[in-house]
Amino acid sequence: MYEGVVQDLIDELGRLPGVGPKSAQRIAFHLLQADATDVRRLADVLVEVKAKVKFCSTCFNVSEEEQCRICRDPRRDPTVLCVVEEYKDVVAIERTREYRGRYHVLGGAISPLDGIGPDQLRIRELLQRLADGEVTEVILATDPNLEGEATATYITRMLKTLGLRVTRLASGLPVGGDLEYADEVTLGRAFAGRRSADD
């Protein structure tokens, strides 16, 4: 335990996701030793990001404007909608440069243990977006874990009556991985999602 403001800084840093007590302490002491100009710049950016960044009114991705750059881009395919859990998932998919449609960010996944049900997610807003009939395919890109699967299953059931093509991202073995280290679920999905060797 440290005194006063140093301990307050460590406590606040420790509240950040993925930052444990030791990491919080290391970051705090790094900031104490850093040049005052660097610390001020960090503080200014933190204040600025809270003041300027909001959620896109269409897809709920982070944006500094009413709509994010993806929703404003007329070159994006408006008939394909990729549903993701979090904003960071949009960045991950965009890095692949394979997807040219639009997005819908749910803001999490169904997790009864954490008190998150369908009403806490942006599923109602998703249904409103699909009501005009412009979207013909919905790609469910939720995480391949229990919560992500539950969310994808729930949304699939909700969309059945709309006559849309609902697809799920393929899952299986990572490139460079060894079969002997793959868990049963991953290996099972790799078999279920196999494709022709000519593709």
Side-chain angles (χ1 to χ4, degrees), residues 16-18 41-111 116-145 147-176 189-190 193 195-196 199:
L16 295 171
R41 193 169 48 246
L42 173 62
D44 290 345
V45 168
L46 289 172
V47 170
E48 187 177 14
V49 81
K50 282 306 287 180
K52 287 185 175 179
V53 177
K54 50 190 163 240
F55 299 110
C56 174
S57 61
T58 304
C59 74
F60 304 98
N61 191 9
V62 289
S63 177
E64 288 189 33
E65 298 181 35
E66 183 69 21
Q67 279 193 318
C68 70
R69 65 174 177 76
I70 295 171
C71 288
R72 289 190 319 264
D73 188 346
R75 297 168 298 174
R76 303 298 289 227
D77 184 352
T79 66
V80 184
L81 191 67
C82 183
V83 178
V84 297
E85 291 179 24
E86 303 288 348
Y87 339 103
K88 60 183 175 6
D89 301 328
V90 172
V91 173
I93 293 170
E94 284 297 292
R95 272 196 308 249
T96 69
R97 299 176 190 255
E98 292 291 324
Y99 178 67
R100 298 300 306 150
R102 302 215 171 148
Y103 293 93
H104 186 83
V105 180
L106 294 171
I110 294 172
S111 178
I116 302 171
D119 293 338
Q120 281 74 47
L121 304 178
R122 295 188 190 101
I123 295 174
R124 190 178 311 110
E125 292 85 347
L126 172 63
L127 295 173
Q128 289 169 353
R129 284 185 75 184
L130 299 173
D132 67 5
E134 185 177 26
V135 174
T136 56
E137 179 182 4
V138 174
I139 302 168
L140 298 175
T142 55
D143 289 341
N145 56 24
E147 293 82 6
E149 293 296 326
T151 305
T153 301
Y154 181 84
I155 292 173
T156 300
R157 274 195 245 126
M158 296 288 290
L159 301 183
K160 266 192 177 162
T161 58
L162 299 180
L164 296 165
R165 179 174 185 228
V166 180
T167 58
R168 187 92 168 92
L169 286 185
S171 58
L173 299 170
V175 174
R189 287 202 178 143
R195 57 186 171 82
S196 169
D199 291 348

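- Of all non-hydrogen atoms in Leu140 and Ala152, the two that sit nearest each other are CD1-O, 3.5 Å.
- A donor-acceptor pair under 3.5 Å is formed between the side chain of Ser57 and the backbone N or O of Glu66.
- Residues Val80 and Val138 have side chains not in contact (no heavy-atom distance under 4.5 Å, counting atoms from C-beta outward).
- A salt bridge is absent between Lys54 and Glu65: the closest approach of a Lys/Arg side-chain nitrogen to an acidic carboxylate oxygen does not fall below 4.0 angstrom.
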**Request:** For the pair Arg100 and Asp73, evaluate side-chain contact (heavy atoms from CB on, under 4.5 Å) and give the outcome as yes or no after the intermediate values.
**Result:** CA-CA 10 Å; Arg100 298 300 306 150; Asp73 188 346; 4.1 Å; yes
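- Side-chain contact between His104 and Val84 is absent, with no heavy atoms from C-beta onward closer than 4.5 Å.
- The shortest side-chain heavy-atom distance between Arg41 and Asp44 does not fall under the 4.5 Å cut-off.
- Thr96 and Ile93 get closest at one heavy-atom pair: OG1-O, 2.6 Å.
- Put simply, CG on Leu126 and SG on Cys59 are 11.5 Å apart, with the number rounded to the nearest 0.5 Å.
- Counted by atom type alone, Thr167 and Glu137 present one or more donor-acceptor pairs between their side chains at under 3.5 Å.
- For the pair Asn61/Phe55, no side-chain contact is recorded, criterion being any heavy-atom separation below 4.5 Å from C-beta on.
- Put simply, SG on Cys56 and CZ on Arg69 are 11.5 Å apart, with the number rounded to the nearest 0.5 Å.
- With rounding to the nearest 0.5 angstrom, the CD1 atom of Ile70 is 10.0 Å from the SG atom of Cys82.
- For the atom pair Glu149 CD and Glu147 CD, the distance stands at 10.5 Å (nearest 0.5 Å).
- The environment of CZ in Arg165 is sparse: at most 12 heavy-atom neighbours from other residues, nucleotides or ligands sit within 6.0 Å.
- Side-chain atoms of Glu94 and Tyr103 include a donor-acceptor pair closer than 3.5 Å.
- At least one side-chain heavy atom of Asp143 sits less than 4.5 Å from a side-chain heavy atom of Glu85.
- Using a 4.5 Å cut-off on side-chain heavy atoms (C-beta onward), Arg129 and Val135 make no contact.
- Looking only at side-chain heavy atoms (C-beta outward), Met158 and Arg124 stay at 4.5 Å or farther from each other.
- Just one residue in the list Leu121, Ile155, Ile116 forms a side-chain contact (heavy atoms from CB on, under 4.5 Å) with Ile110, and that residue is Leu121.
- Looking only at side-chain heavy atoms (C-beta outward), Arg76 and Tyr99 come within less than 4.5 Å of each other.
- Here Gln120 contributes atom CD and Leu106 contributes atom CG; the two are 12.5 Å apart, rounded to the nearest 0.5 Å.
- Annotation: the span from Leu46 atom CG to Leu42 atom CG amounts to 4.5 Å, rounded to 0.5 Å.
- A donor atom on one side chain and an acceptor atom on the other are found under 3.5 Å apart for Arg168 and Thr142.
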